[in-house]
Amino acid sequence: MNNVLAISGIVIKELYRRKDFYVLFVLTALITLLLGSVSFFNDAKIARYLKEVCLLLIWISSLVIAISTTARQIPAERENRTIFPLLAKPVTRGQFIMGKFLGCWLACGVALVVFYLFFGVVSESRGRGDSSAAGLSATAAATDASSKTDEHDHAAAGSEHHNEHETPETTGQRSVVLNYVQALWLHWMMLGVVTAMVLLGSVVLSAPSVSITISFIGIIGILLLGEHLNKVALRQPQPLQAIIYTGYFLIPHLEWFDIRDRVIYDQPAIAFGDCGLATLYAIVYTGLFLFLTWFVFRRKTLTL
Amino acid sequence: MRRASPYLVLGLLLTICFAVATTIQPRTRAWSDRAKSGDVLKMLLGDGRRMFANHFFEQADVSFHSGYYPSIFDRREQPGKTAMASGKDEHDEHDEAAHEKEMAFRGQPRDWIEAFGRHFRVTEHTHLAHGQEREILPWLRISAELDPQRVDTYTVAAYWLREKLGKIKEAEEFLREGQRNNPDSCEILFELGRLYRDGRHDPQRARNVWELALRKWNAQESGKAEPNYFQLEKIAVHLARLEEEAGRFSRAISLLELGKKSSPNPDALQKQVDEIKEKMRARESAPQAPAY
Amino acid sequence: MSVILKTEKLRVEYASRESRSGTKVALNGLDLEVRAGEVFGYLGPNGAGKTTTMNVLLGFVHATGGEARLFGVDVREPIARQRIGYLPELTYYYKFLTAEELLRFYARIFGIPRGEADRRIDSLLKLVELEHARSRPIKTYSKGMQQRVGLAQALINNPDLLILDEPTSGLDPLGRMKVREIIQRLKSEGKTVFFSSHELGEAESVCDRVAIICQGELKAVGKVSDLVAQYQCDLEKLFLKLIGYQPQGVS
């Protein structure tokens, strides 16, 4: 584990010493603030368009960071030959893969926290009253959903029960915060799957540009079309139907982790049980992709 | 000389570029509308901006439904009017039922992936209310910027601004902008008339605007193989109501008769005609005030 | 003296389109033994199989046949690399790190405690004369400085066996002298050094024993003085003879 953490530390250092993250963050902040400064029909309470744009930019930026950082890790190590002094130490290839994955994933997590803090500040500065009001119903529904699905998890569900001394406003704000935290968590989990997928791609396709392009197409494709593949399959003749349906059951359903609509439209928070299951799903797929990456990489010949 | 030669070549190339540019530039204006356009968006996107405008108009409807919206895979057939747009028209229970049916696009989940995925989606069909309708406005504004010839954008935005947000001034400004971009639009004139009557309580201006709308309709639609009678009915009926309120009963009756031709519910209009006729008779039979 | 590096009938084949059989033999039944405390020179012309041997010893390439052991452990086991230091021919390090960060990273890989790592980093940077530049990113270093960082990283775990791949190539005479001094110093500390080189003079001056390899096969192995006596010529002529070089007459 020590080796894995040491390698991941290098990846994180590399990310914050490169300018990609800062550029993307400044770009996101700039566009959001620019749009925030526009007055639509002299109404200062309009907020959702800003949330929508800000979250879209955060999603795009996070995918760019995750894919571009991960895709170049192993090819760059091979191209710059930094992999040789490293693997000449008592480091297994599995530890190398895990270190790279963990570094990229943690770096994405840090970037996400910064992005979501910015999002929180932006959305709180606009339409605060509306969010709190909507949050009231959201909390009530979340409590309901939690108690339905997590009947055994009294601690989790209990934390959502209204306290006699709490004002409705605080409860509403708490729900909004809960929504943000869930969005951040699920987003991060999804980036775990994405990072593992891209790592596998970077081992199979050693040219980073090819790996980045294919990863982008694949991941955007899953995010946009993944949930509709079953409907598409039903309209196709056999054997195409069977092929598409198989693909539908095989691909990681990354779109589950995109709960932007729930955040933007102040929907009730997701039940903790569902959130946990989605996390488990992400872990399984991440593990699967990491195993495949190791399987491909373990016997790969590295020549000086 | 050897040192200066790269700079001389550079200077020569720049001169050639400048000369070619000045020669070609006047010709490019004839090549396409895009080059002529003073609008940056039109220049950048060309006619593709209409596609984006359509997307943002739909985005406003998505926002109106708080994210509960069918994707292209959920729509079996081309959707009709958006709920946001139909909201501004008078509609009955039948329309609402049809809308509910249209929005019940999810149905039963086909498999466990779809069933589980629904926990992360907005699954309740709601419409914005209590002033939250304002959230659709930025998308309509952007849509209008991208496609100023799309009339719907102005009328829908003006309706919500006037009716739900009480922003009469902003609604009027937006409609005026729409009118500048679409000078022959009866729809915009009709909406402007409603704004004058209901928002400004100025029936005289409303009457002028609707009369103009009627003239424009006659000029544009009457000669067509399939004229837009729905529009005609709206203008005629609203104008008739104004005329009735002003006591010009015979004009009101003739407008209602005009509306009846195209109305899906002519009996209701006939009933109104009968009521006005009744009023006319009552006025005629009323004793004249003695002249002094 | 105990044998700490041993290869037995080591064979490595690569897929090759040029060859009719579809494979190219890079190493063919290589038997090699390096004993504790000696400086062992591994000599051969370009393409002889020196780098392939190193690749196998470091686990970058898996042998097609035979076996290779470090400290009695199969080279495929990562633990075999716990007591070795490796200096590649060129400087392959994370250029965005400083020398200190790079050494700390490798120290962590070897599981060296923080206090001990600090002490070793200080002494190694002093040894390679890079104390003044310890906080500068490696990308700002000259080639000689980068090579010295490489040497420092190879020594971070206080290794018993040092594998050096052409350690003086590309260095100026002063740089070469310093590397030689360091090798001598390591030898005096009882370390084993296994290094490949083209520089026959260098091998002659620092090596206890040398091996000459050509076309993947071991041609000769032994003390320089013994080989010279056996073939009755100097090392350069011996080298040329063993690799099959025929001098052409000048007309």
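Interatomic distance, I113(B) CD1 to N230(A) CG, rounded to the nearest 0.5 Å: 8.0 Å. Taking NZ from K51(A) and CD from E135(B), the interatomic distance works out to 8.0 Å, rounded to the nearest 0.5 Å. For the atom pair CZ of F73(B) and CG of L229(A), the computed distance is 8.0 Å after rounding to the nearest 0.5 Å. Note that NZ of K231(A) is 10.5 Å distant from CD1 of I72(B), once rounded to the nearest 0.5 Å. For the atom pair OG of S63(B) and CZ of R48(A), the computed distance is 6.0 Å after rounding to the nearest 0.5 Å.
When heavy atoms are compared at a cutoff of 4.5 Å, L50(A) does not approach chain B at all. Looking at E124(B), there are no atoms closer than 4.5 Å to chain A (heavy atoms on both sides), in backbone or side chain. Contact annotation for L35(A): neither backbone nor side-chain heavy atoms come within less than 4.5 Å of a heavy atom of chain B. Only the side chain of L234(A) comes within contact range of chain B, with at least one heavy atom under 4.5 Å from a heavy atom of that chain. Only the side chain of L161(B) comes within contact range of chain A, with at least one heavy atom under 4.5 Å from a heavy atom of that chain. Contacts of V232(A) with chain B are made by side-chain atoms alone, with heavy-atom separations under 4.5 Å and no backbone atom involved.
Contact annotation for residues 172-184 of chain B against chain A (heavy-atom separation below 4.5 Å, listed by residue number): F174(B). Close approach to chain B, defined as a heavy atom under 4.5 Å from one of its heavy atoms, is seen in H253(A), E255(A), W256(A), D258(A), I259(A), D261(A), R262(A) of residues 250-263 of chain A, taken by number.
Across P138(B) and Y49(A), no two heavy atoms sit closer than the pair CG-CD2, 3.5 Å. Closest approach of F116(B) to D274(A), counting heavy atoms only: CZ-O, 3.5 Å.
Residues F40(A) and W139(B) fail the side-chain proximity criterion, which asks for heavy atoms closer than 4.5 Å. Looking at R141(B) and I46(A), their side chains never come closer than 4.5 Å, going by heavy atoms from C-beta outward. Y265(A) places a side-chain heavy atom less than 4.5 Å from the side chain of V62(B). Annotation: side chain of L165(B) is not in contact with side chain of F41(A) (no heavy-atom distance under 4.5 Å).
Residues passing the salt bridge (Lys or Arg N to Asp or Glu O under 4.0 Å) test with E227(A), sequence neighbours excluded: R121(B). Taking T126(B) as the reference, nothing meets the side chain to side chain donor-acceptor pair (under 3.5 Å) condition, with sequence neighbours excluded.
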Between E114(B) and Y248(A), is the side-chain contact (heavy atoms from CB on, under 4.5 Å) condition met? List the steps.
CA-CA 10 Å; E114(B) 194 178 330; Y248(A) 172 74; 3.9 Å; yes
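Around CH2 of W185(A), the count of heavy atoms belonging to other residues, nucleotides or ligands within 6.0 Å does not exceed 12.
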